[in-house]
Number of protein chains: 2
Amino acid sequence: MHRFSKKVSMTVVKRLPKYYQYLSDLQLNDIEKISSRELASLMGLTASQIRQDLNSFGGYGQQGYGYNVGELKEAIKEILVLDSEYNCIIIGGGNMGHAIANYERFKREGVILKGVFDVDPLTVGTVVGSVVVKHMDELDGFIESNEIDIAILCVPREVGQKVATQVTELGVKGILNFSPLDLDVPSDVVVENVNITDSLFTLTYLLGE
Amino acid sequence: MHRFSKKVSMTVVKRLPKYYQYLSDLQLNDIEKISSRELASLMGLTASQIRQDLNSFGGYGQQGYGYNVGELKEAIKEILVLDSEYNCIIIGGGNMGHAIANYERFKREGVILKGVFDVDPLTVGTVVGSVVVKHMDELDGFIESNEIDIAILCVPREVGQKVATQVTELGVKGILNFSPLDLDVPSDVVVENVNITDSLFTLTYLLGE
DNA sequence: GGTTTATTGTTATTATTTTATCAAAAAAAG
DNA sequence: CTTTTTTTGATAAAATAATAACAATAAACC
């Protein structure tokens, strides 16, 4: 599927969004080229690591010059497959779902919000982001007729697994999971967890150091 | 500061919240002991890794028996310094701030929400979580008189750095940062980032694999 | 055009993390 | 009470990741 033959390690992949962010910012400031050393000082990494990282998927730099910001950004965009569009739905129209629905950045990068679903009769019918919240009863039909690629789960822990099973059975292949539990999904489904409690606990650890 | 002499690597620390979660769940189900093998299959890790991890901060296991769930949980709780209380504030009373304010889990683990702040006149005065939203103008005095340990930043990217600087100057030592930018803070301040866009981009990568 | 400087890509080294192995200890079984 | 089984803690090995070093190349300068 990927258009880059060299395999990129997961450690590097996890850093790519950050590179992408910094390169986008540089581009907005009309900066055309940057050296690994400059980028390192900007991002708080070592120049060596940056060169290793960027070289794991190709020779986008030029000796004595550095990296072309726009070119490198586009390359990373391709690796992260942000040059395609994704249809997504948010499940759970509470505050978290609402917050995500308003992320302008998602749409800008090709992740299109197609629907928001909830069980609460008070939430159903309200407008969240750009869409009207539908009842969960309509979920099955909606996924089937809208080619949904990504489900963003913003539901309570108690129902997280149930919902995950439901959407994967309907063909959703990617889940961005805000529910604080680990999901059990088929092997062809990918899950990315955003566990806020875990982050808080890492913070309390660091505070105690 | 830490009551455990052996140093715990950051890789392990990042896994501790997950151990803590699973052990809490086991305890709720009245399970008293567990072996590294059982826990491994539950958590999707290897038994060897679990033994290494747990052994990096002490001998909580017993040969031929396994680990005592309650005891191990309490040990991890101490390492994560979840046996103390923290006063926290949320800055930004939008949907994200609202969502976090309603996380019951935070209070249960000793992270007490003392205030929510916003600049929007329509938000100021509304009730979020257990508190009434105050205007940002009141932030300085509030932090000084309430011994705030943690600031949870749910503000737009444009003002993130400004707010971070403001709270650190007032003595806040920990920031849970939901604003999509890297914060520049004094070296005695710790930041834990929750970057939702980065997580989404990791997901699009995985979808393309 | 030749020389100097900057900067990459690559290789080598070091550090860290994960996995495997196994003796020692405790529990369970007989 | 002895033997077998379980399971840890510790050590060793393998894999992965980060840093350092440097030759090769391009740009900048004179």
Side-chain angles (χ1 to χ4, degrees), chain A residues 4-19 22-23 26 31-76 79 202 205-206 209, chain B residues 4-19 22-23 26 31-76 79 202 205-206 209:
Chain A
F4 292 84
S5 46
K6 292 194 197 178
K7 101 165 216 304
V8 185
S9 84
M10 204 54 206
T11 335
V12 175
V13 170
K14 288 270 179 192
R15 276 194 292 269
L16 290 183
K18 203 179 166 194
Y19 284 119
Y22 275 88
L23 290 165
L26 287 167
I31 293 166
E32 277 182 14
K33 69 158 191 171
I34 191 152
S35 70
S36 58
R37 195 162 46 78
E38 291 167 317
L39 193 55
S41 110
L42 211 58
M43 295 181 64
L45 303 173
T46 69
S48 190
Q49 180 169 50
I50 287 181
R51 291 205 299 279
Q52 284 277 20
D53 281 1
L54 301 183
N55 221 233
S56 66
F57 57 85
Y60 289 93
Q62 198 165 22
Q63 279 131 326
Y65 172 84
Y67 298 87
N68 178 287
V69 171
E71 204 179 296
L72 184 57
K73 190 197 118 183
E74 287 307 312
I76 294 176
I79 295 170
T202 305
Y205 172 85
L206 292 171
E209 258 184 335
Chain B
F4 293 85
S5 45
K6 293 194 196 177
K7 100 165 216 306
V8 184
S9 84
M10 204 54 207
T11 335
V12 175
V13 170
K14 288 269 180 194
R15 275 194 292 268
L16 289 183
K18 204 180 166 196
Y19 284 119
Y22 275 88
L23 291 166
L26 287 167
I31 292 165
E32 277 182 15
K33 68 159 192 171
I34 192 153
S35 71
S36 58
R37 195 162 44 79
E38 290 167 319
L39 193 54
S41 112
L42 211 56
M43 296 180 63
L45 304 173
T46 68
S48 190
Q49 180 169 51
I50 287 182
R51 291 204 299 278
Q52 283 279 17
D53 282 1
L54 301 184
N55 220 229
S56 68
F57 57 85
Y60 289 93
Q62 197 165 25
Q63 281 132 325
Y65 173 84
Y67 298 87
N68 177 289
V69 171
E71 204 180 296
L72 184 57
K73 191 198 118 184
E74 287 307 311
I76 293 175
I79 296 171
T202 305
Y205 172 85
L206 292 170
E209 258 183 335

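Chain letters run A, B, ... following the sequence lines, proteins first and then strands; every chain starts at 1.
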> Please report the distance, rounded to the nearest Å, between OH in Tyr60(B) and P in dA25(C).
21 Å
> Nearest-Å distance, CD1 (Ile50(B)) to P (dG9(D))?
12 Å
> Going by number, which of residues 61-70 of chain A have a non-hydrogen atom under 4.0 Å from DNA chain C?
Gly61(A), Gln62(A), Gln63(A), Gly64(A), Tyr65(A), Gly66(A), Tyr67(A)
> Starting at atom CD of Gln52(A), determine the distance to atom C1' of dA20(D), rounded to an integer number of angstrom.
10 Å
> Would you tell me if any nitrogen or oxygen in the side chain of Ser9(A) comes within less than 4.0 Å of OP1 or OP2 on dA17(D)?
yes
> Tell me which nucleotide among dT19(C), dT17(C), dA21(D) gets nearest to the side chain of Ser48(A).
dA21(D)
> My understanding is that only residues two or more places apart in sequence, or in another chain, count here; which of them pass side-chain contact (heavy atoms from CB on, under 4.5 Å) with Lys73(A)?
Tyr20(A), Leu23(A), Ser24(A), Gln27(A)
> Take the protein atom CD of Gln49(B) and the nucleotide atom C1' of dT21(C), then report the distance between them rounded to whole Å.
17 Å
> Give, ordered by number, those residues of residues 32-46 of chain A having at least one heavy-atom distance below 4.0 Å to an atom of DNA chain D; if nothing qualifies, reply none.
Thr46(A)
> Just N and O in the side chain of Asn55(B): are any of them under 4.0 Å from OP1 or OP2 of dA10(D)?
yes
> Please, which pairs that meet salt bridge (charged side-chain N to carboxylate O under 4.0 Å, His left out) have at least one residue in residues 61-70 of chain B, sequence neighbours excluded?
none
> Reckon Thr11(B) touches a base, only the sugar-phosphate, or nothing at all at heavy-atom distances under 4.0 Å?
sugar-phosphate
> Run the side-chain contact (heavy atoms from CB on, under 4.5 Å) test against Lys33(A) and tell me which residues pass, sequence neighbours left out.
Tyr65(A)
> If I take atom OH from residue Tyr22(A) and atom CG from residue Leu45(A), how far apart are they, to the nearest 0.5 angstrom?
8.5 Å
> Report the residues that fulfil side-chain contact (heavy atoms from CB on, under 4.5 Å) with Glu38(B), sequence neighbours left out, ordered by chain and then residue number.
Ile34(B), Ser35(B)
> Taking side chain to side chain donor-acceptor pair (under 3.5 Å) as the definition, give me every residue that meets it alongside Asn68(B), ordered by chain and number, with sequence neighbours left out.
none
> How many angstroms lie between CZ in Arg15(A) and CE in Met43(A), if you round to the nearest 0.5 Å?
8.5 Å
> CG of Asp53(B) to NZ of Lys14(B): how many Å apart, nearest 0.5 Å?
14.5 Å
> Excluding sequence neighbours, so at least two apart, what forms salt bridge (charged side-chain N to carboxylate O under 4.0 Å, His left out) with Arg51(B)?
none
> Could you tell me how far apart Arg51(A) (CZ) and dA17(D) (C1') are, to the nearest whole angstrom?
16 Å
> Under the rule for side-chain contact (heavy atoms from CB on, under 4.5 Å), what residues qualify as partners of Ser9(B), not counting sequence neighbours?
Thr11(B), Val12(B)
> Taking side-chain hydrogen bond (donor to acceptor under 3.5 Å, both in side chains) as the cut-off, I'd like each qualifying pair that reaches into residues 39-48 of chain A, sequence neighbours left out, listed once.
none
> Report for the helix from dG1(C)-dC30(D) to dG30(C)-dC1(D): angle between first-end and last-end helix axes, five pairs each, rounded to 10 degrees.
10°
